[in-house]
Every structure is written in structure tokens, then in C-alpha cells.
Trainee: 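Take this structure, written in C-alpha cells, and hold onto it; I'll ask about it next.
Atoms considered below: every heavy atom in the structure, side chains included; atoms not considered: hydrogens, waters and symmetry mates.
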Amino acid sequence: MLSLLVIAIAVSLDSFGIGVAYGVRRIRVPLRSLIMITLCTALTLLLAMVAGEAVVAVLSPGLTEALGGIMLIGIGGFAVVNQLRSQQRSAPSPDRSESKEPSPQTSLPQQYLHKIEAIPEILRSPAAADFDHSKSISLDEALILGLAVSLDSFVAGIGIRLLGYS
């Protein structure tokens, strides 16, 4: 149980950091948006566990445990490298006049594709999830934010299952 608790805390640290960043920038996250982010994270973790179960069914127990450990160590290494990179570069704040928000004439799937492509930017700068700069995270912004914060949960979920946790 202790190891699962440590993994849960480690996977949640990026979400905590985003919450702190939103608090500092006074970006509101309404309850409906929080529920959307939570659902994204929960569903992503569930899908990861199902994917891990499929891998466990195919590979030997020793190989799955080694692969699970490598995946979890990889997530940790990736997080450390990203943190070091973000400290080394002092990224200027994005210019609000250069908004990449699609025009109202853009079709709905293209609008969401544009927002999904912004996930790496959201991970670097959480305020980027506020696409309309309203200082409040809407439901569609929460969906993209939920996907962004649940990426490491997906890999961790597979790794946890490969280590033998149900």
C-alpha cells in the first residue's frame, strides 16, 4: 500500500503544480470543470490498467515486472529532465496578441485538434489551457487540460499493472 501511495502522490504532483499556478494567476476552475478533469484522469488510468492487463496476459511475469519498473523509472526521469529544462530556459510569457485560437468559421473537429496540439504547451505553461483568456477554465478547456495532466497517469497505470498491482 505504501508504494501505491507514493506512486499516486508522484503522479499527482503535476496536477498540484497546475493548481498552484492557477491560484497564483487567479484562474478559476469551476466545479463542472474540476469534475471533467477528474473524469479524464480516472478514465485514462482505467484505460491504462486495461492495456497493462492485456500486456500481462501476453508476456511472462518476470518480463512484465521489469518492463513496469522501467516505465515508472522512465516517467520519473522524464519529469526530472523536464524540470531541469524548464529551469534552464526563461520562457517569456506568450504575447496575448498572437493568439492561435481558431476563428469562429473553423469547424468543431479542427478547433479541438488545435487544442489537442496545444497539450505540450499546456504542460510547459498551465495558463495556456485558458484558450479564451477568460481567467476561468471552461468545460472544453478542462477536457484538454484533463488529457494533458493524465498523460503520465496513463504510463504509470500501465507500469503499475505490469508490476503486479490490480
Trainee: Is there a path of hydrophobic side-chain contacts, each under 4.5 Å between heavy atoms of I, L, V, M, F, W or Y residues, that connects Val55 with Leu45?
Mentor: no
Trainee: Could you grab the distance from atom CD of Glu65 to atom CG of Leu59, nearest 0.5 Å is fine?
Mentor: 12.0 Å
Trainee: Just so I know, are the side chains of Leu143 and Cys40 near enough to count as touching, which here means a heavy-atom distance under 4.5 Å?
Mentor: yes
Trainee: To the nearest 0.5 Å, what is the distance between OG1 (Thr41) and CE (Met36)?
Mentor: 11.5 Å
Trainee: Would you give the length of the straight line joining atom CG of Leu46 to atom CG of Leu39, rounded to the nearest 0.5 angstrom?
Mentor: 11.5 Å
Trainee: Kindly compute the distance separating CG (Asp130) from CG (Asp132), expressed to the nearest 0.5 Å.
Mentor: 5.5 Å
Trainee: Is there a path of hydrophobic side-chain contacts, each under 4.5 Å between heavy atoms of I/L/V/M/F/W/Y residues, joining Leu151 to Leu43?
Mentor: no
Trainee: Same hydrophobic cluster for Ile158 and Leu63, using side-chain heavy-atom links shorter than 4.5 Å among ILVMFWY?
Mentor: yes
Trainee: Which atom names give the shortest non-hydrogen contact between Leu139 and Ser33, and what distance separates them?
Mentor: N-OG, 3.8 Å
Trainee: State, to 0.1 Å, how close Pro30 and Ile137 come at their nearest heavy-atom pair, and which atoms those are.
Mentor: CD-O, 3.3 Å
Trainee: For residues Val58 and Val56: do they belong to one hydrophobic cluster (side chain heavy atoms under 4.5 Å, members Ile, Leu, Val, Met, Phe, Trp, Tyr)?
Mentor: yes
Trainee: Which value, rounded to the nearest 0.5 Å, describes the distance between Ile37 atom CD1 and Arg32 atom CZ?
Mentor: 13.0 Å
Trainee: Taking all heavy atoms of Arg25 and all of Lys135, pick out the closest pair and write down the distance.
Mentor: O-NZ, 3.2 Å
Trainee: Rounded to the nearest 0.5 Å, what's the gap from CG on Leu145 to CG on Leu34? Could you check?
Mentor: 9.5 Å
Trainee: Starting from Val29, can I reach Leu147 by hopping between I/L/V/M/F/W/Y residues whose side chains sit under 4.5 Å apart?
Mentor: yes
Trainee: Closest heavy-atom contact between Glu141 and Ser136?
Mentor: OE1-O, 3.2 Å
Trainee: For Leu47 and Phe154, which heavy atoms make the closest approach, and how far apart are they?
Mentor: C-CE1, 4.1 Å
Trainee: Are side-chain heavy atoms of Phe131 and Ile144 found at a separation under 4.5 Å?
Mentor: yes
